Amino acid sequence: MSTTTHAIAAPGPGAPLEQTTIQRRDLRPDDVLIDIAYAGICHSDIHQARGEWGEAIFPMVPGHEIAGTVAAVGSAVTDYRVGDRVGVGCMVDSCGECEYCRADTEQFCVKGNVQTYNGVGFDGENTYGGYSKQVVVRDAFVCGIPDGIGLDVAAPLLCAGITTYSPLRQWGAGPGKKVAVVGLGGLGHMAVKLAAAMGAEVTVLSQSLKKQEDGKRLGATEYYATADETTFDVLRGRFDLILNTVSAQIPVDAYLGLLRVGGAMVNVGAPGEPLSYNAFSLIAGNKALAGSMIGGIAETQEMLNFCAEHGIGSDIETISAADVNTAYERVAASDVRYRFVIDTATIGA
Ligand code: NAP
Ligand code: ZN
């Protein structure tokens, strides 16, 4: 038993996305039915729809930056009511029992978290994401979107927001800390806003100076072009923390040279190709090279509350269903300021 909803799907790896219909399950006692208002386009959607991360499930309905309102709730749901403003990020289920789930880090569930799309639920059914008009999600994987953040500018917080908030918190971004953000795209622009709001001194390292004015407006005090080799001399030994949001390979050693002794470089960018580094780039300076994967549900709610307190949303360009393939091309070409958000009213219209 299920209901039909309109969606946008990639029929196969690299194929243009097209409109289709999919089935959403009938509500279980702990399910929430969400009328999706907006869905952000994350570069991870593009990596997966193009098969850049290896095997994937097609047809694929991408979308893990979901914002909307509650349309119905299952009989056991107590946290949400019809009409509530809610969001869903990159996961829709986990075992709830392992040490990582119990520590509010469901993304590391030992049984594997169930991805919002390109995943398989514990019921054996494929998951379909947010480029659609409705979605059914277990209540424990739904977050409340505080009043004061528009649903359109909130949608990207569910992935780009939490993926940058979590490592900035873990690695101590705050007053007296010099933080560099590499790549000013969807994740990067959120990292700049969040790190600045946390009180850190923020520098953007972008391929060129084209977006310099934006970077400063978003909260950076300095902005450098990585295509200019002198940048790597000028900034040598400067940063406590470097957050790499680049969706492609970068010369890791060059960036490690920009860390202070004891500094850390954290990768959230997830290119399909390996990154490599020289061991001495870490040894000479007790430096750390780390990774970070989204964030747990409790931390996602904390991030949303932080954004509401600080008046932070994503800088978006709202598009219609017909523009999704063009938007993919533009993101792949680093031509996004700074997140495309699909108005789901245009899906199936
Ligand atoms: P995005 O909007 O495309 O931003 C990436 C930015 O990286 C671009 O805007 C560009 O910034 C820079 N860049 C792109 N190609 C480059 C190249 N060849 N060399 C140097 N810089 C380049 O992508 P996004 O949505 O922010 O996602 C970024 C990455 O994070 C993706 O790989 C995505 O899959 C990954 N991701 C990881 C997680 C996680 O949990 N770890 C979660 C979400 C996304 P400039 O124009 O400023 O140089
Ligand atoms: Zn994402």
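Scope of the values below: all heavy atoms of this structure, side chains included, with no hydrogens, waters or symmetry mates. The model shown is predicted, which means the values in this text are computed figures rather than measured ones. When a ligand or atom number is given, it counts from 1 through the structure's own listing order.
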Where the closest heavy atom to atom 12 (C) of ligand 1 is concerned, which of R330, Q207, E52, R337 has it? Q207
Which of the numbered atoms in ligand 1 are below 4.0 angstrom from a heavy atom of [X]?
X	result
V331	3 (O)
S206	45 (P), 46 (O), 47 (O), 48 (O)
T245	5 (C), 28 (C), 29 (C)
W53	34 (O)
R339	24 (P), 25 (O)
H47	31 (C), 32 (O), 33 (C), 34 (O)
I294	39 (C), 40 (O)
G186	1 (P), 2 (O), 4 (O), 26 (O)

Go through the steps to decide whether R28 and D123 satisfy the test side chain to side chain contact (heavy atoms under 4.5 Å, CB included), and finish with yes or no. CA-CA 12 Å; R28 299 170 185 154; D123 57 4; 2.6 Å; yes
[Y] versus [X], side-chain donor and acceptor atoms under 3.5 Å:
X	Y	result
N244	N267	yes
T318	D343	no
E106	N113	no
T4	Q23	yes
T226	Q207	no

Does [X] reach ligand 1, in the sense of a heavy atom lying below 4.0 Å from it?
X	value
K210	no
A160	no
Q107	no

Min N/O separation [X] to ligand 1 under 3.5 Å:
X	answer
V268	yes
L184	yes
V246	no
Q249	no

For C159, which part has a heavy atom under 4.0 Å from ligand 1: side chain, backbone, both, or neither? side chain
The Zn ion (ligand 2): protein N, O or S atoms that are less than 2.8 Å away, sorted by chain: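 Only C42 SG, H64 NE2, C159 SG fall inside 2.8 Å of the Zn ion (ligand 2).
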Which pair of non-hydrogen atoms, one from A67 and one from I145, has the smallest distance, and what is that distance?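 Residues A67 and I145, closest heavy atoms: CB-CD1, 3.7 Å.
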Decide side chain to side chain donor-acceptor pair (under 3.5 Å) for E201 and T221; before the verdict, give the C-alpha distance in whole Å, the side-chain angles of both, and the deciding distance to 0.1 Å. CA-CA 7 Å; E201 191 182 309; T221 50; 4.5 Å; no
Would you please classify the geometry between the Y328 ring and the Y131 ring as parallel, tilted or perpendicular, with 30° and 60° separating the classes?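 Ring orientation of Y131 relative to Y328: perpendicular.
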